[in-house]
Amino acid sequence: MNVSLVLILIMAVLFACGVYSILERSLTRVLIGFLLLGNAANLLLLVVMGQPGLAPFYGAEGATSDPLPQALTLTAIVITFAVSAFLLALIYRSWQLGQADTVTDDEADIAVRERGLTAEDTMDDEAELLSDDAATDFVGVDTAPIRVLGSRDVPGLVDDAPSDRPAARQAPNDDGGDRP
């Protein structure tokens, strides 16, 4: 297999620059990093493909090329395009809302980060104090979050929908029909 060392080096540099750019806080740099990773993946598939040959459907005798890396490359291009369009929409919306495309820390994340091990230990102790009698099943309780209404509960409700309960067998009328 005759793979160019230049392609391998370019692929490695694209992967490294793409990963470094994705770790930034700016969404524009994340987009650029994702595009670099997509191109690096396409180069990887090009390197894996090996030596080019004839098209498999051409019908000529000789070495044919493998169609799988070509199909994977086309799929990678489509996925890269779709995610890039999504990231562009995120960048545009972020710019509309905050006039910046940087991602900031959430207040809840900062609070969790600043919480020490003692707070985590007290939370564990509180979790152990809860008994197994605490149930999440609200069936038959007055404070149930869901109440099934029937025709007896609401006067204007027509409850003539079929049910999954088996109907009681009725004796036939004298004229051959069912009794009401």
Please tabulate, one pair per line, all N/O donor-acceptor pairs under 3.5 Å involving side-chain atoms of residues 79-91, not counting sequence neighbours.
from: Thr80; atom 1: OG1; to: Ala76; atom 2: O; distance (Å): 2.7
from: Ser84; atom 1: OG; to: Thr80; atom 2: O; distance (Å): 2.6

Just list the side-chain donor-acceptor pairs under 3.5 Å for residues 35-47, sequence neighbours left out, or say none.
from: Asn39; atom 1: ND2; to: Leu35; atom 2: O; distance (Å): 3.4
from: Asn42; atom 1: ND2; to: Gly38; atom 2: O; distance (Å): 3.4

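The hydrophobic clustering, which links ILVMFWY residues whose side-chain heavy atoms are closer than 4.5 Å, places Leu7 and Leu14 together. Linking ILVMFWY residues whenever their side-chain heavy atoms come closer than 4.5 Å, directly or via other members, places Val6 and Ile8 in the same cluster. Note on Val30: it does not cluster hydrophobically with Tyr92, by side-chain heavy-atom contacts below 4.5 Å among ILVMFWY residues.
Distance CD/Glu24 to OG1/Thr102: 11.5 Å, rounded to 0.5 Å. Here the CD1-CG distance, from Ile32 to Leu27, works out to 11.5 Å after rounding to the nearest 0.5 Å.
Heavy-atom minimum distance, Ala100 versus Ser94: O-OG, 2.8 Å.
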